[in-house]
Trainee: 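There's a structure below that I have some questions on.
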Amino acid sequence: MHEPAGQDEYGSASPFDPDDLTTLNVMGPGVASNDFEKYAVAVIIVFGALIIGGLMAATLALGHRNGFLYALGGATAAWISGNALLLDRPRIYALFVGIAAVMLIASTITLVI
């Protein structure tokens with residue numbers, strides 16, 4: 001049985017049917033209006049994997065235990081900030097991004113000195 005208005009048996013439009021692309025934007029204001037997930041994932045990937053991972057590896061390779069612990073604290077704060085953004089808490093997000101930045105600066109200073 002064919003479903004009305006390009007909907008499947010669960011009542012949602014199929015994203016694979018090109019005829020339904022005109023009806024996807026008129027489904028309501030709540031559909032795809034929250035872009036916080038994209039930014040949270042970007043924060044988690046950029047801070048966690050690239051910057052902090054490299055800083056942790058550098059401090060381990062050069063034997064700076066305190067720098068490693070600062071980088072680990074910065075990674076944890078950045079991870080918490082990504083979760084705060086997912087939960088739509090912008091002030092907590094900003095606080096933990098600030099904490100992560102301070103801890104990563106401290107880790108870099110211990111690495112250089």
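We count residues from 1, following the sequence as given.
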Trainee: Are Tyr93 and Val102 grouped together when hydrophobic residues (ILVMFWY) are joined by side-chain heavy atoms under 4.5 angstrom apart?
Mentor: no

Trainee: Closest approach of Ala78 and Ala100, non-hydrogen atoms and distance?
Mentor: N-CB, 3.9 Å

Trainee: Cluster partners of Leu87, using ILVMFWY side-chain heavy atoms under 4.5 angstrom, listed by chain and number?
Mentor: none

Trainee: Could you list the donor-acceptor pairs under 3.5 angstrom formed between side-chain atoms of residues 42-60 and any protein atom two or more places apart in sequence or on another chain?
Mentor:
| from | atom 1 | to | atom 2 | distance (Å) |
| --- | --- | --- | --- | --- |
| Thr59 | OG1 | Leu55 | O | 3.1 |
| Thr59 | OG1 | Met56 | O | 2.9 |

Trainee: Can I get a per-line list of side-chain donor-acceptor pairs under 3.5 Å for residues 106-113, giving both atom names and the distance, sequence neighbours left out?
Mentor:
| from | atom 1 | to | atom 2 | distance (Å) |
| --- | --- | --- | --- | --- |
| Ser107 | OG | Gly67 | O | 2.7 |
| Thr108 | OG1 | Leu104 | O | 2.8 |
| Thr110 | OG1 | Ala106 | O | 3.4 |
| Thr110 | OG1 | Ser107 | O | 2.8 |

Trainee: Show which residues join Trp79 in its hydrophobic cluster (side-chain heavy-atom contacts under 4.5 Å, direct or indirect), or state none.
Mentor: Tyr70, Ile80, Ile92, Leu95, Phe96, Ile99, Met103

Trainee: Kindly work out whether a path of hydrophobic side-chain contacts (I/L/V/M/F/W/Y, heavy atoms less than 4.5 Å apart) joins Ile105 to Phe68.
Mentor: no

